[in-house]
Amino acid sequence: VPAAPPAPLGCDDPESVAAAEFAVNYINGHSHHGYKFALNRIKDIRVIPQGPNNDIMFLELDLLETTCPILSPTPLENCTVRSFAEHAVEGDCDVKLQKVDGTLSVLASKCHSHADSREDILKVCPDCPLLAILNNTEVLGVVSAALNDYNSKTTDSYLRLLEIGRAKIQYHPVHAVVTEFAVGATNCSAEQAKANVGACQLLPEDQSNFGFCTATMVKRPSQDLQVDCQLYGHQVPAPPIPLLSRVSQPTGQDTS
Amino acid sequence: SLTKRVVPAAAQHDKVPRPVGFVPLPPPCPGKILHFDI
């Protein structure tokens, strides 16, 4: 009597979790924008046997944005998932993997990320500041002022803006703009940049030194700007395959 | 002479009785939520 087909894999089975973690590491390792994402839930898994010890696996994953920028060397397990009140961002990913003799590889991946709905946040936290769209003029102004302020005070290399990661604007109890943005070191010192900033270019890939800044500008009742930038030091970059888009609009984006 | 055997009353449940401590398996998918649902 032919052997009964194996029971379908459950989404919480160890084999499914291992495949999902492999997929999430692949997505984070091949994206160059925004933040690292962590696994929140395996929505579905389908396994299609191709032959002995050879399966194609289709995974549907729910991910959540963490507070670690994508270029940060911090291991994913040490990255905090952004809380609901911080205006969480969710990633929905469909991943196709192959498992041959127990070795996994990603064949394709398509992800869509979107911020949680503003109504949901305000329902739970009426005063929580919400994500602003990244080309908001107030946001652009604060990022520019913050980077200029940092470069005017640093004795290290002149930093250039890579991308704005996220920004929030709050109106009470004070009117403040909170921004996070990725930066890259250039081939100039801050002093040289004063003379000829046009000559300051990001360091070539084999010397690249990326970092991350947070800046808060309080506008009312009094003007105050706080900037903090951390450089990671040189890291060997993974091949760029943009898989998980940034939420540059609270409505999200598709990438594959 | 034939005598009719007494047949015990049918079990209360016409279904196969469940073993003691039977816990239905959770549905295979979706999996559990690790952080929170948005």
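First the proteins, then the strands, lettered A, B, ... as listed; each starts at 1. Worth knowing before you read on, the calculation uses all heavy atoms, side chains too, and leaves out hydrogens, waters and symmetry mates. Nothing here was measured: the structure is a model prediction, and the numbers come from that model.
- When every heavy atom of A:Gly10 is checked against every heavy atom of B:Cys29, the shortest pair comes out as C-SG, 4.3 Å.
- When A:Val17, A:Ile45, A:Leu39 are compared by the number of non-hydrogen pairs under 4.5 Å with chain B, A:Leu39 comes out ahead.
- The main-chain N or O of B:Pro30 is never found under 3.5 Å from a side-chain atom of A:Asp44 such that the two would form a donor-acceptor pair.
- Note: A:Asp62 CG to B:Phe36 CZ = 11.0 Å, rounded to the nearest 0.5 Å.
- Contact of A:Arg46 with chain B is not made at all, since no heavy-atom distance falls under 4.5 Å.
- If you measure heavy-atom distances from A:Ser83 to chain B, the contacts under 4.5 Å come from the backbone alone.
- The backbone N or O of B:Gly31 lies less than 3.5 Å from a partner atom in the side chain of A:Arg41, making a donor-acceptor pair.
- Only the backbone of A:Leu9 comes within contact range of chain B, with heavy atoms under 4.5 Å apart.
- For the pair A:Asn40 (side chain) and B:Ile33 (backbone), a donor-acceptor distance under 3.5 Å is absent.
- Here the NE2 atom belonging to B:His35 is positioned 6.5 Å from the CG atom belonging to A:Leu64, to the nearest 0.5 angstrom.
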